[in-house]
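In what follows, a structure is listed as structure tokens, so that the remarks can point back to it.
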Amino acid sequence: MTGVGEVAAFWILATITVGSAVVVALVRDLVRAVVALVGSFLGVAGLFILLSAEFLAVVQVLIYAGAISILMVFAIALTPRSARDNAETAMRWLALALALAMVGLLIAVATVTEWGPQAKEGFQETASAIGEALLNRYVLPFEVASVLLLAAMLGAVVMVRED
Amino acid sequence: MTLLDSWWDLRDLGHAVAAFLEWLGDRGVPSWLPYLVSTLVGLMALLLWALLSQLFFIWAERRLLARIQVRLGPNRAGPFGLLQPVADALKVLSKEMITPRGADKVLFWLAPIGVVVPAIVALGVIPFGQRMVLADLNVGLLFIVAVSSTATLFVFLAGWGSANKYSLLGAMRSVAMLISYEVVQVLALLAVAVFVGSIRLGDIVSWQGRYNTWLIFLQPLGLLGFLIASSVEVNRTPSDIAEAESEIVAGYHTEYGGIRWGMFQMAEYIAGFVVAATVAVLWLGGWTLWGLEEWVPGWLIFLIKLYGVFFLFIWLRGTLPRLRIDQLMGFAWKFLLPLMLLNVLLAGLEMVVWKETEAPAEVVLPIWAVGNIAIGVGLVVGWALLMGHLRPRNRPARSLLVREVGQIYYRPLEEV
Amino acid sequence: MGTRLLSGLELAHRLERVMPGVVVEAVPEWVEVSPQAVVDVGRFLRDDPELEMNFLSCLTAVDLLDHFEVVYHLQSLRHNHLMVLKAKLWERESPELPSVASVWPGAHLQEREAYDLMGIRFRGHPDLRRLFLWEGFPGHPLRKDWLGMPGQRMPGLETFPGEPEWRGEGRG
Amino acid sequence: MVGEPLVINVGPQHPSTHGVFRLKLTLDGERILDCEMVMGYLHRSMEKLAEERTWTQNIPFTDRTDYLSAMTGNLAYCLAVEKLAGIPVPPRAHWIRTIMAELQRFASHCMAIGTFVNDCGAWHTPLLYMMREREKVLDLFELACGARLTTNYMRIGGVARDLPPEFLPRLRELVKELPQRIAEYEELLVENEIIVARARGIGVLSAEQAIAYSVSGPMLRGSGVAWDLRKANPYAAYEQVEFDIPVGVHGDCYDRFLVRLAEMRQSVRILEQALDMIPSGPVQTPVPLALRPPPGEAYGRIESPRGELGFYVVSDGGPSPFRFHIRSPSLINLTPLPEMVRGLTVPDAIITLGSIDIVVGEVDR
């Protein structure tokens, strides 16, 4: 993280991610909130690239910006009663308290861990490293996760069938 | 790599840019400047190429469709109607950009941008030549699919933002369709990655160059699945459900006028180029032509293949009727997905066998090619017969010819 | 061997036997029944095995200046014969008769058209609204006394252009 | 999971309602709950205008109701008036009328099938192939009577003018060429899996329903009822020609499409026989321009490409008809549409409307 380019890129991406996250919380219209959410997803993807984890960045774009945002939008469109806007709810204060607690936790973790130089040598291939790790050391969780996902999909199909 | 590697060697325009950057570097400019300049040059070249070929293809499509439909096509503006696309562009630019009253201003304005940007960004990864690629990421293939999947959300926003019943219907339909065909698309690309062993587009092209084979022979099923899935992603017949004129007027971009509508059209064409380029790189050997690329410029071969695939889309558009949305979805989940999974399994098996036996490529690849093509044809024809003709309900029929009046021949359709 | 036109007299005898007093007048070309019995006559004509008039070919309303006339052309697809059934309505202000839409659903739109253009109400019609003109349209255009035309002239030419007592303004 | 119903207008201004005709669809998601037809946008009240003109001056009206088959419109009106006034028609005129009616049927079915397949999504290609054939037929009409669309060719008592000498040779060439063209359509369209998948089992109308709703023409035959006025009540020269009536079996959009395609073949067969059997001689019995038929009424009807086209004319002895009613097949064929469309999706409703093949000029009159 030495060159001036990386530092500038980092700050830009950081502001994008946090900024759109704040927008998601504050904006009235839910669909606009989803658009801001996509903005923060892309910001996170940018941060991944900065950490030279390009495979994760591309998967982040594909999964989050591509599919999860659609999921959110469909959820909004198909819930009949949702008033389509971020109306004030009674849970406001509880949410604020929870948020503050979360911020406190993050700051604590950030200060405790020592951040030493990570990226010693330059840009090296991480996609194949992830692939090998998934299929060698972590093959069991990989298989269990896929079975879980399959079960979830079948469950969804069964739930929606009319007859 | 070749005898003539200096800048005037037109076989790969990348040499010229590299020579210019070296010259720039010696001038003692700050270290990041050449990097910035090469990006700008690459971007300009890509955009110029995309827009020019889009204009060309607007003309080519209208003329080709006309030839298919036994008519002439535009021939008034300029010789052979060549200025017609310019006229269209001027018309689109000069038309007023109306925003419907009930529309959600921000989303309505954002949607066309959100649809065009992914299509252009995906162009950056495509290798036109050995050194003619803007950014040869080692996740190139996945990058194309990921970026073009973000456009789906903005298509929905277009429908949702323009506060019009027809656009809403069109938006819901197109999103459901795009999602289900993305799965098929990724699986089709996966099979290619299994064969080549890497998803860097440069590696894929050099792999095909090294073994002097085209993956179309090794992966026919993958190509079939990818072509069908991408014709849905790009909203071209036989699946232009989103803007099915005969049903819901113009789908999600009904309310758009002027350059905003023009952007949707540009996005459709450039996404079409991206898909055609992917097919050209993955299945047709990119800029290699079994050694011919030593003499003929690599990027020329690549463009010929790209335009050939795009011509296939135009041909599809001119001839096939449109499937209903639920049939299209059924086709994706029940027919294409199992086929693609089988294809990935097949590719995996073949790679394992090849690695175990360490047999030389010249022996193994032809066997795989013949085997894959046979299995592919057998599967498609067998499945089509099973789903189609064997079921009496779907068999094309003829009407009875009767001589006398008064008889009733009605029989209710037996439910299958 | 074309479609045989059933004679009105024979039909009148057949109707008299089944429903006495329903036939008002019988002429070789058509048979006329009392308007209020149109539905029963229709059901009989459709269900009777020899006649089996299952196809209502055409339903027309005619304004004969002193009374309205609803003409039904009925066709049997199996026996290939055609008959003409008429019903006369004498009151001019609000002519009314029961709708045959229950016997032949094909009359649905034709009755709506007769109501819209001629002003004949069909009792029991599932959805009697104007078919072509908009709801607030004044009057029913096909009536002879609807003089919406310029010069308030009676429809129909009395004489030909070029004939001696032609009094048109040189038209034709 | 029933959301709130969405009412959309497949409005008067819509690419595939074949003219100014509106369908108000109440939708639950994609399924149609109810469909209401709103018409009258093209109502010119032909029946009122006809009472103002003489019997011969009314002939041009009959072109403009069903503007896709003007010849059959003329023929039906002239038959009705000839029956009313008892005017004989010379044999050559009978044959010319048969030739013209069958040519018009071929051209009209070209449009019907072309637009139906166009609604299925085949991007105008089949429509323009069939337009090529239709142009040849319209050229023949122009040769015979000077007009392509509103022909105004038939007169009471026969036909306006005799056929020009080069008409029959050109018709013979056309009749030789048409069978392969129809074979080409069958190969292009009937074998097409997507059209079978889109149209089979959609917009079903059973035989009983068809008869009850007094539907006629290809729609009635598509539902399996063998009924064709050219056979049941032969007029013009249909008695001396041999032809079959195509009949569907399942009464859905696909069968109606097949029936129309087969009818095109039968029309060509009739034309071949007519070419050999047409006699020479006068083409019109002289009828005074100031025709005053005896008081009375007549109901003349023929098999137009859309169904049973009838003219109920009442005469009070005056120079102009007392009552001039058009039995329009398109309007009556529309009656079962709400029934057929309930429960389908929007694209299916559009195809069902396309398969009924209405001409709004004839619906609204």
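Below, read A as the first sequence line, B as the second, and so on, with proteins coming before strands; counting in each chain starts at 1.
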Handout entry: Interface residue of largest heavy-atom contact number with chain B, from D:Val7, D:Leu189, D:Val247, D:Ile195, under 4.5 Å
Key = D:Val247
Problem - Leading residue by heavy atom contact count with chain B [cutoff under 4.5 Å; candidates D:Ala226, D:Pro246, D:Ala262, D:Gly248] - result: D:Ala226
Exercise for the section: Please look at D:Arg200 and chain B and tell me whether the side chain, the backbone, both or neither of the residue comes under 4.5 angstrom of a heavy atom of that chain. Expected result: both
Exercise for the section: Working to the nearest 0.5 Å, report the span between NE2 of D:His250 and OH of B:Tyr409. Expected result: 15.0 Å
Completion exercise
Closest non-hydrogen contact found for B:Gln69 with D:Thr125 is NE2-OG1, 3.3 Å
Problem - D:Gln180 atom CD, neighbour heavy-atom count above 12 within 6.0 Å - result: yes
Fill in the blank from the handout: Closest non-hydrogen contact found for B:Pro321 with D:Cys120 is CB-O, 3.8 Å
Completion exercise
When the 4.5 angstrom heavy-atom criterion is applied to D:Val196 and chain B, the contacting part is side chain
Practice task
Name the region of D:Leu27, side chain, backbone, both or neither, that has any atom closer than 4.5 Å to a heavy atom of chain B.
Solution key: side chain
Completion exercise
Of all heavy-atom pairs linking D:Tyr129 and B:Ile68, the shortest is CE1-O, 3.2 Å
Handout entry: Atom group of D:Leu188 that falls short of 4.5 Å from chain B, counting heavy atoms
Key = neither
Exercise for the section: Tell me, for D:Leu205 versus chain B, whether the close heavy atoms (under 4.5 Å) come from the side chain, the backbone, both or neither. Expected result: backbone
Handout entry: CZ/D:Arg342: more than 12 non-hydrogen atoms of other groups inside 6.0 Å
Key = yes
Handout entry: Side-chain heavy atoms of D:Ile202 within contact of B:Arg324, under 4.5 Å
Key = yes
Fill in the blank from the handout: Interface check, chain B: of D:Val249, D:Val225, D:Asp252, D:Ile211, most non-hydrogen pairs under 4.5 Å belong to D:Val249
Fill in the blank from the handout: Counting heavy-atom pairs under 4.5 angstrom with chain B, the leader among D:Leu128, D:Ile245, D:Val259, D:Val117 is D:Ile245
Exercise for the section: Taking all heavy atoms of B:Arg403 and all of D:Lys231, pick out the closest pair and write down the distance. Expected result: O-CE, 3.3 Å
Exercise for the section: With a 4.5 Å cut-off on heavy-atom pairs, point out which of D:Asn192, D:Asp255, D:Val204 contacts chain B the most. Expected result: D:Asn192
Handout entry: Nearest-0.5 Å distance that lies between atom CG in B:Leu401 and atom CZ in D:Arg265
Key = 9.5 Å
Practice task
Would you mind telling me which of D:Ser206, D:Pro126, D:Gly201, D:Ser223 has the largest number of heavy-atom pairs within less than 4.5 Å of chain B?
Solution key: D:Ser206
Handout entry: Part of D:Tyr254 lying under 4.5 Å from any heavy atom of chain B
Key = side chain
Completion exercise
B:Gln327 and D:Arg198 have their tightest heavy-atom pair at OE1-CD, 3.5 Å
Fill in the blank from the handout: D:Asp357 meets the side-chain contact (heavy atoms from CB on, under 4.5 Å) criterion, sequence neighbours left out, with D:Ala112, D:Arg260, D:Arg306
Practice task
Answer with side chain, backbone, both or neither: which region of B:Arg398 has an atom nearer than 4.5 Å to a non-hydrogen atom of chain D?
Solution key: both
Problem - Over all atoms of both residues, closest heavy-atom pair of D:Val190 and B:Ala397 - result: CG1-O, 3.6 Å
